[in-house]
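A quick write-up on the structure given underneath.
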Amino acid sequence: MEREIDMKEVSDGRLYGLRDMVKADCGGCQGCSDCCESMGSTIILDPYDVWRLTTGLQISFDELLQDKLELNVQEGIILPNMKTEGESERCGFLDEKGRCSVHALRPGLCRIFPLGRYYENRSFQYFLQVHECKKEPKLKVRVQKWIDTPDVKKNEKFIIDWHYFLKDLTASLRAADSGEYQKTVSLYILKSFYQKPWDLDRDFYEQFHERLEEAKSILKV
Ligand code: SF4
Ligand code: SF4
């Protein structure tokens with residue numbers, strides 16, 4: 001979901017594309033796990049994040065909700081986010097050595113950190129969140145290498161389509177101004193994009209776009 005941010009405050013003033021070099025490589029974190037703690041409900045998961053976790057761990061979305069994920073209302077829509085544990089609000093996937101136990105399956109927001117996404121004109125670019133990771137020195141790395149995401153062009157299209165679908169939906173829910181309708185829509189989104197199993201013999205993105213077209217037609221966004 002979109003947050004209002006002052007780019008002058010949080011970034012180095014630049015926007016980055018996949019082929020750009022960015023000073024984001026913290027060298028394997030070396031004992032630090034700061035960004036996996038005290039994160040509240042900010043690691044919101046998109047359908048591809050949940051697909052990655054459910055297929056990689058061979059577990060259902062509902063099973064993940066038992067202890068690793070939770071649901072919260074984000075701008076009027078119920079979405080899953082990483083659940084935290086204990087006083088330090090650690091991510092449930094952080095192991096006792098302070099390492100991510102699902103590194104290969106980690107969500108998109110964890111993959112890109114300390115980069116963030118800056119959405120504009122129905123697209124997005126990356127920006128460097130200069131105050132988020134204190135580890136120094138950081139090395140320059142190509143954005144595409146850093147985000148470590150296969151089928152990166154398909155993934156970018158998915159990120160854009162999902163982001164703007166939620167944005168348009170939020171606007172339409174606001175206009176409808178009905179709590180009951182909002183709840184019905186949220187349950188539909190959860191069921192259609194998170195709970196309903198994906199066909200593992202087919203491409204995720206192809207199936208996602210089928211479900212997206214269906215959702216747009218049903219919800220008229
Ligand atoms: S804050 Fe930086 S160094 Fe620490 S775990 Fe996160 S990315 Fe790694
Ligand atoms: S999924 Fe891994 S990288 Fe992401 S917050 Fe949890 S422990 Fe950290």
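Just so you know, ligand 1 is whichever comes first in the structure, and atom 1 is the first atom listed for that ligand.
- Short contacts between ligand 1 and F113, defined as distances under 4.0 Å to a heavy atom of the residue, involve ligand atoms 6 (Fe), 7 (S).
- Among pairs with a residue in residues 55-65, those fulfilling side-chain hydrogen bond (donor to acceptor under 3.5 Å, both in side chains) read S60-E63, D62-Q195, at least two apart in sequence or across chains.
- For residues 123-134, no pair satisfies salt bridge (Lys or Arg N to Asp or Glu O under 4.0 Å), with sequence neighbours left out.
- Proximity to M82 (heavy-atom distance under 4.0 Å) selects the following atoms of ligand 2: 1 (S).
- With hydrogens and angles ignored, the 3.5 Å screen pairs a side-chain donor or acceptor of Q207 with a backbone N or O of R202.
- In this structure, atom 4 (Fe) of ligand 2 lies nearest to the protein heavy atom C110 SG, 2.3 Å.
- Residue contacts with ligand 2 for H103 are absent, since no atom lies close enough (heavy atoms, distance under 4.0 Å).
- Within the 4.5 Å cutoff, no side-chain heavy atoms of K157 are placed close to those of K154.
- Applying the salt bridge (Lys or Arg N to Asp or Glu O under 4.0 Å) rule to K145 yields no partners; only residues at least two apart in sequence or on another chain are considered.
- Under the 4.5 Å side-chain heavy-atom criterion for Ile, Leu, Val, Met, Phe, Trp and Tyr, Y126 and V130 are members of the same hydrophobic cluster.
- Annotation: Y48 is in aromatic contact with F204 [ring centroid separation under 6.0 Å].
- Within the 4.5 Å cutoff, the side chain of F193 has no heavy atoms near those of the D46 side chain.
- At a threshold of 4.5 Å between non-hydrogen side-chain atoms, the residues E156 and F124 count as touching.
- Panel detail: atom 4 (Fe) of ligand 1 has protein N, O or S atoms under 2.8 Å away, 1 in number.
- Of the protein's non-hydrogen atoms, C91 SG, 2.4 Å is the one closest to atom 6 (Fe) of ligand 2.
- Surrounding NZ of K135 are more than 12 heavy atoms belonging to other residues, nucleotides or ligands, all under 6.0 Å away.
- Here C36 does not reach atom 4 (Fe) of ligand 2: none of its N/O/S atoms is less than 2.8 Å from the metal.
- Distances below 4.0 Å separate heavy atoms of P107 from the following atoms of ligand 2: 1 (S).
- Regarding atom 2 (Fe) of ligand 2, its nearest protein heavy-atom neighbour is C100 SG, 2.3 Å.
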